[in-house]
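Note sheet for the following structure.
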Amino acid sequence: MKAIKLLFISMLMVSFSGFAQEAEQAEEPKAEEHYNINKFRQLYQEFSTPNQYRSASGAPGPKYYQQRADYEMDIRLDDENHHIYGYETITYTNNSPDVLDYLWVQLDQNMRAKDSKTPLIEGGGVAPFAQPAGFVGEYLSEPFDGGFNIKKVLDSKGNPLKYMINQTMMRVEMPKALAPGKKFEFDIEWDYNVNNHVEGRGRSGYEEFPDGHRAYVIAQFYPRMCVYNDVEGWQNSQFWGRDEFALPFGSFEVNITVPEDHWLDGTGKLTNRKDVYSSEELRRYEMAQRTYDEPVVIRTQQEAEKLAMMPGATKMKTWKLKADYVRDFGWTSSRRYIADAMAVKVGDKDVMAVSIYAPEGNPLWEQWSTKAVAQTLKSYSRMTFDYPYHKAISVHAKNQGMEYPMICWNYGRPDAEGNYSDRVKFGMISVIIHEVGHNYFPMIVNSDERQWTWMDEGLNTFVQYVAEQDMGENYPASIEGLDAYPSRRGPAAAIVPYMAGDQRYIAPIMSKGLNTYQFGSNAYGKPGTALNILRETVMGRELFDYSFRTYSQRWMFKHPTPEDFFRTMEDASAMDLDWFWRGWFYTTQFNDMGIKSVDKFYVSADMNQEMKDYLEERNIPKDRVPQLVYMVKEGSEDYKEEMKGKAPSEVVSDLKDYLMDNFTAEQRAAMKEPKYFYQITVEKPGGLVMPIIIEYTYADGTTETATHPAEIWRLNDKEVSLSKATQKEIVGIVIDPKLETADIDTSNNSWPQEPKVDKFEEMKQ
C-alpha cells in the first residue's frame, strides 16, 4: 500500500511539473530566437567541417600534409654602417595534393620601407602630448628606409625569375607549375638597413650604447616562405606590424660573418665552436654542460668591458649555425656581451639554458635570467612535451620581448648604479618565461599567428602562469617576503577590469589581432585566464592537464587551428565544453552572478496553501490526495498558522514517524536528519554561463563549499534556485568565495548582503 502511495505522489508531482512547463512554454520566444540564446548548443555553425586533413576528434586527419622550406644562407653584418647583406638558397617542397603556379615569400622588413603603408592605417589625429623623440619621429624626421633591397631572384641554374612585390609579400613565378611531391630551388640576394629598435621600436634591430658600440637582435632579416595549407591556401596576409608570423618548418644552414671581437649566438647548433671560442671559453662551456644548479659564466663582464673600451675590430669572423626542423631563425651579436649557461635535465637528455647580456643588465641578469630559462623548460615540458632542442637562449635587449626558435630577447634593466625594484625583477623573470615559453607555442605547436594571435600568446600566457608559480616554489629567494610569485596575468580576478569595460572597445578572442582594441587583454590576458579557469574550476587539473598535453603532442611540429584545440580538449576529457568556448572565445559577455534571495523552509504533514489552491483550481477532492510531505516557507501564512510558537521538531514529529514507517531499520539508521531547509535563488545579470561555486557558513563557524556545473543554467539563463538541507543553521552564504570565475560585480555575492559604505563617509573615516 505504501509503495502505491509513493507512486501516486510521483505521478502527481510529474503532472504538476508538466503543467508548469506548459505555462512556461507559452511565454517562450520563437524557436529561432530561442536557438540564438541557447548557450549550450553545439558549435556546428562556428566550426569548420571535419575532413580528411583534420578529424572531428581534433587530431590530424589521415591526409594531413604540410609544406617544407629549407634554407642555406650567408649573412654579413656591417657593424659600422649597421647594414645586413644576405644571400639565401631556398628549397621548397610541395607536399600538398595541389599544383602550385607560384610561390609567396614574406618580406617583413618592408614594413620599414620609406613607402610603407603601415603608418597610414593608424588614425587618431594629433596627439595632445608626446615624448620629444616620438614628436621628432612623427613630424620632423624623414622616414627610416629599412625595407628589403632585393637584388636578384634566380633559379638553380642562375636564370632570373620573374617576381612581383606587393608591400610585405613577394610572388615568385616558377618556370613551370610545381606538382605535388616535387621540389623547387631558387636563390635570393638582398640587403637592408638595420633599424635602431630603442628609438623606433620594433621586434628586431640594434641598441647603441654611449660608448658607440651596438648590440644586435636580428630577426625577420631574410625573405621567408609563406605557409600553404589545407585551411588558408597561401597564408599571405600582409604584415602591418602587430600580427606575427605563419611559417613552414624546414632546416637552416646559416653562416654569419661579424667583427671578430663580437660574441654571437642564434637558432641551431654552433658547428664551429672551436673556431670562434677561445680555449678558456671552451673550457667554461664544457663545465657549464656538467653544471645543473648555478650558471657558469663563459664570457665574463670584465672581458666584455675590456672589449667595449677598445675600438671595434676590423677583421671578421664567421659563426656557423645549423638547425633541423625549425620554423624560423634569429640571432644576436655584440662585442659587449657577457654569456653564461647551465644544464637542465629535461626527460632523458640535457638542455643548455643560456643567457647573453650587456654589462647594463647586471647584477639582475647574472642572478636570475638563466634560472628563469631553466624553470621554463621544466614547467613547460611537464605541461606539454619534453623540449626537443639542445638549447634555449635569453638575450638582454632594452624594451624588447620577442621570440624565435631557441632564442628570444627580453627587457629588464637595473638603474645606472645597479639597483632594481621588485617590479623590474619580476617583470624581467616573467618576460623571460613568456618568451622562452614561445618555443612551445608557436615554434613547435605551429599555429597561425597572423590569423589567431591567441593560439600562441593566450596558450603561452596560461602556461607562463603555471611556470611563474613553479618559479616561486623552486627559487624562493626570487619571491622573498611574498607568499607566491606575483603573476600579472592568470588569476581570474585579474581579467575583471577588462571584461567589465566598455563593450564598444572589446572584441571576441576569436578576432584577428590587428583588428582588436586592448590587444594585450584580448590576445594574452583573457585566453590565458580562461584556460586557468578551465583547469582550476571547470575541468580540474587532472583532466585538463591530460587533455592539454594531448593537444600539444598531437600538434608538435604541425599547424593546428582553433577547432583542433577545442575538439582535442573535449575528445581527451569526455567533457562537452562548447558552452565554454562560445562564451569566452566567441563573445564579449561577462560573468555576473548574485544571490537574489534566501528562504528557509520547514517540513510538514499538513497540506500547504499552494496545494490547496492547486486542488481547488482543478476541482480535485482533498481526500483523493495521499499524505504528502509539504514544505512551509518561513514567514508565510502556512508558517504562521502551523508554527504558533512551536519548535520545528514539534511540528514535524508526526511526519517523521510517518516517513520512518516507510523504511527498514537499516535504512533508518543510515538516514540524515536535517533540521533546516533552505532555498537559495541565484540570479545571473551577466551573459556568461559559469559554474556556481557556493560557500555555506554555519552557526558553529564551520564552512562547506559546493560547485554546481555550468549546465545548471541550461534551462533558465536568468536565475536558478538551489535547495540545501542541513542539520546546522546557515548564517552566511557566498557565491564564488575565492574569486575563481571572473565575476565582475561581487557586491551581490553575499547573504546577508554586506552593507554598502558611502564613499564619502568611507573617506571621512
Side-chain angles (χ1 to χ4, degrees), residues 251-254 256 262-304 317-326 329-334 337-357 361-362 365-382 385-396 403-410 429 432-433 435-437 439-440 443-444 467 470-471 474-475:
S251 63
F252 287 77
E253 291 188 38
V254 185
I256 309 173
H262 275 221
W263 181 274
L264 185 146
D265 212 337
T267 302
K269 290 185 177 180
L270 183 60
T271 60
N272 65 334
R273 194 179 304 274
K274 292 182 179 179
D275 299 332
V276 293
Y277 276 31
S278 68
S279 58
E280 181 61 19
E281 290 166 349
L282 274 173
R283 185 190 68 79
R284 295 168 184 164
Y285 180 77
E286 290 169 356
M287 183 185 300
Q289 290 179 301
R290 303 187 300 271
T291 304
Y292 297 87
D293 50 357
E294 290 289 334
V296 175
V297 177
I298 300 169
R299 198 191 209 202
T300 69
Q301 181 163 337
Q302 291 75 18
E303 291 164 346
K317 182 164 60 177
T318 299
W319 300 62
K320 298 182 179 182
L321 292 157
K322 184 175 181 179
D324 189 36
Y325 226 65
V326 295
F329 193 98
W331 55 279
T332 187
S333 183
S334 177
Y337 274 155
I338 305 161
D340 68 48
M342 63 185 275
V344 183
K345 183 66 71 175
V346 178
D348 59 356
K349 71 173 186 178
D350 291 340
V351 177
M352 296 304 295
V354 182
S355 293
I356 300 173
Y357 44 96
N362 271 339
W365 273 69
E366 65 185 5
Q367 292 172 343
W368 292 114
S369 175
T370 300
K371 291 177 181 177
V373 175
Q375 185 59 64
T376 306
L377 295 173
K378 294 175 184 176
S379 297
Y380 276 70
S381 294
R382 184 184 81 245
F385 44 77
D386 287 349
Y387 185 72
Y389 300 131
H390 75 289
K391 69 181 179 184
I393 308 169
S394 167
V395 181
H396 178 41
E403 72 280 355
Y404 303 92
M406 305 182 217
I407 190 169
C408 58
W409 10 107
N410 307 297
I429 292 173
I432 290 172
I433 291 173
E435 304 305 342
V436 173
N439 276 287
Y440 296 80
M443 300 303 153
I444 297 171
D470 291 346
M471 183 81 186
N474 297 326
Y475 295 98

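Every heavy atom of this structure was used, including side-chain atoms; hydrogens, water molecules and symmetry mates were not. Owing to the predicted nature of the structure, the values given are computational and were not obtained by experimental measurement.
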request  = Would you indicate whether the side-chain heavy atoms of D350 and Y292 approach each other to under 4.5 Å?
outcome  = yes

remark   = Interatomic distance, CD1@I429 vs CG@N410, rounded to 0.5 Å, equals 11.5 Å

key: Heavy-atom side-chain contact between L264 and Y337 under 4.5 Å   = no

task = Could you check whether the rings of Y285 and Y277 sit parallel, tilted or perpendicular, using 30° and 60° as the cut-offs?
result = perpendicular

request  = Looking only at non-hydrogen atoms, find the nearest pair between P405 and T267 and report the distance.
outcome  = O-OG1, 2.7 Å

E286 versus R290, closest heavy-atom pair with distance = O-NH1, 3.2 Å

task = Please report the closest heavy-atom contact between A392 and V373, naming both atoms and the distance.
result = O-CG1, 3.7 Å

task = Please report the closest heavy-atom contact between G347 and D386, naming both atoms and the distance.
result = CA-OD2, 3.4 Å

request  = Could you tell me which residues satisfy side chain to side chain donor-acceptor pair (under 3.5 Å) with Q375, sequence neighbours excluded, listed by chain and number?
outcome  = S379, N474

request  = Apply side-chain contact (heavy atoms from CB on, under 4.5 Å) to the pair H262 and K317, showing each step before the final yes or no.
outcome  = CA-CA 8 Å; H262 275 221; K317 182 164 60 177; over 6 Å; no

request  = Please lay out, stage by stage, how V344 and K378 fare under the test side-chain contact (heavy atoms from CB on, under 4.5 Å).
outcome  = CA-CA 8 Å; V344 183; K378 294 175 184 176; 3.8 Å; yes

task = Please confirm whether the backbone N or O of T370 pairs with a side-chain atom of S355, one donor and one acceptor, at under 3.5 Å?
result = yes

ask   = Would S334 and T332 satisfy side-chain contact (heavy atoms from CB on, under 4.5 Å), going step by step from the backbone distance to the final call?
value = CA-CA 7 Å; S334 177; T332 187; 6.0 Å; no

inquiry  = If the threshold is 4.0 Å, N to carboxylate O, is there a salt bridge linking K371 and E294?
reply    = yes

query = Roughly how far, to the nearest 0.5 Å, is the OG atom of S251 from the NZ atom of K322?
reply = 7.5 Å

key: Summary of salt bridge (charged side-chain N to carboxylate O under 4.0 Å, His left out) pairs that have at least one residue in residues 263-275, sequence neighbours excluded   = D265-K391

Over all atoms of both residues, closest heavy-atom pair of Y440 and L377 = OH-O, 3.4 Å

task = Measure the CE-CE distance between M342 and M352 for me, rounded to the nearest 0.5 Å.
result = 9.0 Å

request  = Hey, could you give me the NZ/OG distance between K345 and S381, rounded to the nearest 0.5 Å?
outcome  = 13.0 Å

request  = For Y387, enumerate each residue passing the side chain to side chain donor-acceptor pair (under 3.5 Å) test, keeping only those at least two apart in sequence or located in another chain.
outcome  = none

query = Quick one: CD on E303 to OG on S278, what's the gap to the nearest 0.5 Å?
reply = 7.0 Å

query = Would you call the rings of W365 and Y357 parallel, tilted or perpendicular, where under 30° means parallel and over 60° means perpendicular?
reply = tilted

ask   = Quick one: are P388 and I444 in side-chain contact, heavy atoms under 4.5 Å?
value = yes

ask   = Taking atom CD1 of I338 and atom CD1 of I356, what is their separation to the nearest 0.5 Å?
value = 11.0 Å

request  = Sort out for me which residue in F329, W409, Y389, F252 forms a ring pair (Phe, Tyr, Trp, His ring centres under 6.0 Å) with Y404.
outcome  = W409

ask   = Would you find more than 12 non-hydrogen atoms of other residues, nucleotides or ligands less than 6.0 Å from K320 atom NZ?
value = no

Salt-bridge present (R283, E280; N to O < 4.0 Å) = yes

key: Check: M406 main-chain N/O paired with N439 side-chain donor or acceptor under 3.5 Å   = yes

Minimal non-hydrogen separation, I407 against W331, with atom names = CD1-CA, 4.2 Å

